[in-house]
Amino acid sequence: NVSYGILVHGYCCLGEFSKAYDLLEEMMQNSMHPDVFHYSSLISGYCKFGFLKEALKLYETMGTNGVMPNLVICITLFDGFVKEGLVNEGFEFLDKQHACGIMGSSFTYAIVINCLCKENKTKKAWEIFKLMEARGLLPDIVVYSTLINGFAKEYRIKEAFTLFGRMMKHGVVPNIITYTNLINSLCNYGRTHDAFHWFKELTMQGLIPDKILYTSMISGFCRQRDMQMAWKFYQMMEENGLLPDIVTWSCLIDGFCKSHKMDKAHFLEDKITRMGFVPNVKTYTPLIIEYCNKGDWDQAMKMYGEMKKKGISPD
RNA sequence: CCUGACCAGGAGACC
């Protein structure tokens with residue numbers, strides 16, 4: 001049962017639901033029955049790929065098959081509603097789920113706070129945070145990190161760091177995501193020097209920088225037109241065995257374009273296509289824009305044509 | 001005894 005669970009989960013993560021169902025068929029032929037894990041994998045997968053309707057259908061049918069929805073299922077569906085923008089429907093659903101203890105879960109609050117932050121409503125998000133504490137719940141690392149990210153996106157460095165301090169005071173240990181969010185709040189203000197300080201701090205805490213953190217740093221330096229440091233971080237990244245992805249490359253290309261180093265930008269563009277990366281519209285836009293700004297329409301059109309030849313359509 | 005499911009982080013123009 002567990003092995004099938006792992007495989008079903010894998011297919012659901014990939015969005016290959018028919019393969020997941022094939023496996024369920026197979027296990028039933030071997031007189032095993034899907035349990036709550038199989039259902040939640042399917043429901044979560046459907047939600048991630050935007051098939052909330054299918055997820056809800058499964059939720060209805062699992063009960064008739066003798067498998068009771070649990071907290072994880074309820075949270076998954078609530079998140080599914082909210083991510084589809086169906087916030088009211090999500091709360092209506094919540095109202096019917098008190099039995100599974102959903103109102104006592106920090107996951108529920110994290111989902112609401114994340115939704116508010118995405119809409120740039122950190123004031124409201126902060127109120128939810130306080131409500132959570134008032135109700136005697138302890139915000140966890142995800143809740144703190146989510147709200148810190150919300151502040152970062154609204155350029156509220158001070159609030160981000162105050163919350164970080166509060167988190168530490170409550171004994172919640174920051175992870176790589178928390179630090180990345182703090183660093184982004186600094187980079188968004190062009191304070192790459194301070195960002196570097198926190199980068200060193202987190203490594204001193206024993207955390208290992210990952211691809212996203214490196215890319216955040218690189219992006220910050222690129223936006224400051226500090227290509228020396230951006231490149232230095234790219235090299236550090238590779239030295240530490242991390243492979244840049246298309247986002248990392250696009251940041252660097254953008255940085256070189258904005259620094260008017262078109263030879264370097266083209267060098268990278270060439271390099272990554274030869275490495276088999278699939279460029280996207282965000283990879284090409286900085287090149288086209290730089291040529292437009294220079295008034296070099298021929299080159300701009302050439303890049304545009306090259307982009308379309310690769311089957312990428314402009315947005 | 002061990003193993004499977006749920007929430008948070010990175011890129012482009014203009015404004």
Side-chain angles (χ1 to χ4, degrees), chain A residues 1-10 12-13 20 23 34-45 47-48 55 62 67 69-80 82-83 100 102 105-115 117-118 125 139-150 152-153 160 174-185 187-188 195 209-220 222-223 230 233 237 244-255 257-258 265 279-290 292-293 307 314-315:
Chain A
N1 236 15
V2 174
S3 306
Y4 276 111
I6 296 168
L7 291 169
V8 166
H9 181 232
C12 290
C13 288
L23 282 173
D35 62 20
V36 70
F37 286 88
H38 301 103
Y39 278 104
S40 65
S41 291
L42 281 163
I43 289 174
S44 164
C47 288
K48 288 245 156 60
M62 64 184 289
V67 183
N70 63 5
L71 179 61
V72 171
I73 304 258
C74 294
I75 285 168
T76 307
L77 283 167
F78 177 56
D79 189 50
V82 171
K83 290 240 160 74
C100 68
I102 196 163
S105 166
S106 69
F107 280 56
T108 312
Y109 289 85
I111 290 164
V112 174
I113 288 172
N114 188 36
C115 172
C117 288
K118 291 273 142 67
D140 65 3
I141 178 83
V142 176
V143 170
Y144 277 108
S145 301
T146 305
L147 194 47
I148 287 174
N149 189 44
K153 288 259 151 67
N175 64 15
I176 191 76
I177 297 183
T178 324
Y179 279 108
T180 301
N181 296 346
L182 280 180
I183 283 173
N184 279 326
S185 80
C187 286
N188 287 342
D210 63 7
K211 184 169 70 181
I212 294 185
L213 175 56
Y214 274 108
T215 304
S216 294
M217 293 295 300
I218 289 170
S219 166
C222 285
R223 279 178 286 163
F233 268 83
M237 184 176 177
D245 64 13
I246 191 62
V247 177
T248 321
W249 291 120
S250 299
C251 290
L252 284 164
I253 289 174
D254 181 51
C257 287
K258 297 236 165 59
N280 59 35
V281 66
K282 285 182 174 156
T283 319
Y284 276 100
T285 307
L287 290 156
I288 297 172
I289 285 174
E290 175 59 15
C292 287
N293 287 341
M307 179 181 97
D315 61 3

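We name chains A, B, ... by the order of the sequence lines, and we start the count at 1 in each one.
Note on Ser105(A): nothing from the nucleic acid sits closer than 4.0 angstrom, heavy atoms only. Across all strands, Ile6(A) comes closer than 4.0 Å only to sugar-phosphate atoms, never to a base (heavy-atom distances). Looking at heavy-atom distances under 4.0 Å, Val281(A) makes contact with a base.
Between A8(B), G9(B), G12(B), one nucleotide has an atom nearer to the side chain of Ile141(A) than all others, and that is A8(B). When the nucleotides G4(B), G10(B), C7(B) are ranked by their closest atom to the side chain of Lys83(A), C7(B) comes out on top. Comparing atom distances between the Ser41(A) side chain and each of G12(B), A5(B), U3(B) picks out A5(B) as nearest. Closest to the Arg223(A) side chain, of the nucleotides G12(B), A8(B), C6(B), is G12(B). With distances taken from any side-chain atom of Asn184(A) to the nucleotides A11(B), G9(B), C6(B), the minimum falls on G9(B). Counting only heavy atoms from C-beta on, Lys258(A) has its side chain closest to A13(B) among G10(B), A13(B), C6(B). Checking A13(B), A11(B), G9(B) against every side-chain atom of Leu213(A), the shortest atom distance belongs to G9(B). Considering only the side chain of Val142(A), A8(B) comes nearest among C6(B), A8(B), G12(B). Candidate nucleotides C6(B), G4(B), G10(B) were compared by shortest atom distance to the side chain of Thr76(A), and C6(B) ranks first. With distances taken from any side-chain atom of Asn149(A) to the nucleotides G12(B), G9(B), A5(B), the minimum falls on G9(B).
Phosphate proximity of G10(B) to Lys282(A): absent, as no side-chain N or O sits under 4.0 Å from OP1 or OP2. An OP1 or OP2 oxygen of G10(B) is reached within less than 4.0 angstrom by a side-chain nitrogen or oxygen of Lys153(A).
A donor-acceptor contact under 3.5 Å is not formed by the side chain of Ser216(A) with the base of G10(B). For Thr283(A) against G12(B), a side-chain-to-base donor-acceptor contact under 3.5 Å is absent. Evaluation of atom-type donor-acceptor distances gives no pair under 3.5 Å for the side chain of Asp35(A) against the base of A5(B). The base of G4(B) does not come close enough to the side chain of Asn1(A) for any donor and acceptor atom to sit less than 3.5 Å apart. Asn175(A) contributes a side-chain N or O that forms a donor-acceptor pair with the base of A8(B) under 3.5 Å. Judged by distance alone, with hydrogens and angles left aside, Ser40(A) brings a side-chain donor or acceptor within reach of the base of A5(B), the pair sitting under 3.5 Å. The base of A8(B) has none of its N or O atoms less than 3.5 Å from a complementary donor or acceptor on the side chain of Asn181(A).
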task = Take Asn1(A) and His38(A) through the side chain to side chain contact (heavy atoms under 4.5 Å, CB included) test and state the conclusion after the steps.
result = CA-CA 9 Å; Asn1(A) 236 15; His38(A) 301 103; 3.8 Å; yes
request  = Kindly determine whether Met307(A) and Leu287(A) satisfy side chain to side chain contact (heavy atoms under 4.5 Å, CB included), including the steps that lead there.
outcome  = CA-CA 11 Å; Met307(A) 179 181 97; Leu287(A) 290 156; over 6 Å; no
task = Go through Lys258(A) and Cys222(A) one step at a time and tell me if the side chain to side chain contact (heavy atoms under 4.5 Å, CB included) criterion holds.
result = CA-CA 8 Å; Lys258(A) 297 236 165 59; Cys222(A) 285; over 6 Å; no
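Note: CG (Leu287(A)) to C1' (A13(B)) measures 13 Å, nearest angstrom. Rounded to an integer number of Å, the gap from CD1 of Ile289(A) to P of C14(B) is 7 Å. The distance between atom CG of Leu71(A) and atom P of A5(B), rounded to the nearest whole Å, is 15 Å. One atom, CD1 of Ile113(A), and another, C1' of C6(B), lie 16 Å apart when rounded to the nearest Å. Taking atom CG of residue Asn114(A) and atom P of nucleotide C7(B), one finds them 11 Å apart after rounding to whole Å. We find that CG of Asn280(A) is positioned 14 Å from P of A13(B), with the value rounded to whole Å. In this entry the distance linking NZ of Lys48(A) with C1' of C6(B) reads 7 Å, nearest Å. Computed from coordinates, the Ile111(A) CD1 to C7(B) C1' distance equals 5 Å when rounded to whole Å.
In summary, the side chains of Asp245(A) and Thr248(A) do present a donor paired with an acceptor at a separation below 3.5 Å, with no hydrogens or angles considered. A side-chain donor-acceptor contact under 3.5 Å links Asn280(A) and Thr283(A). Using modelled atom types and a 3.5 Å distance limit, the side chains of Thr178(A) and Asn175(A) yield a donor-acceptor pair.
Remark: side-chain polar atoms of Asn181(A) are paired, donor with acceptor, to backbone N or O of Ser145(A) under 3.5 angstrom.
In this pair, Phe37(A) lays its aromatic ring flat on the base of G4(B), centres within 5.5 Å and planes under 30 degrees apart.
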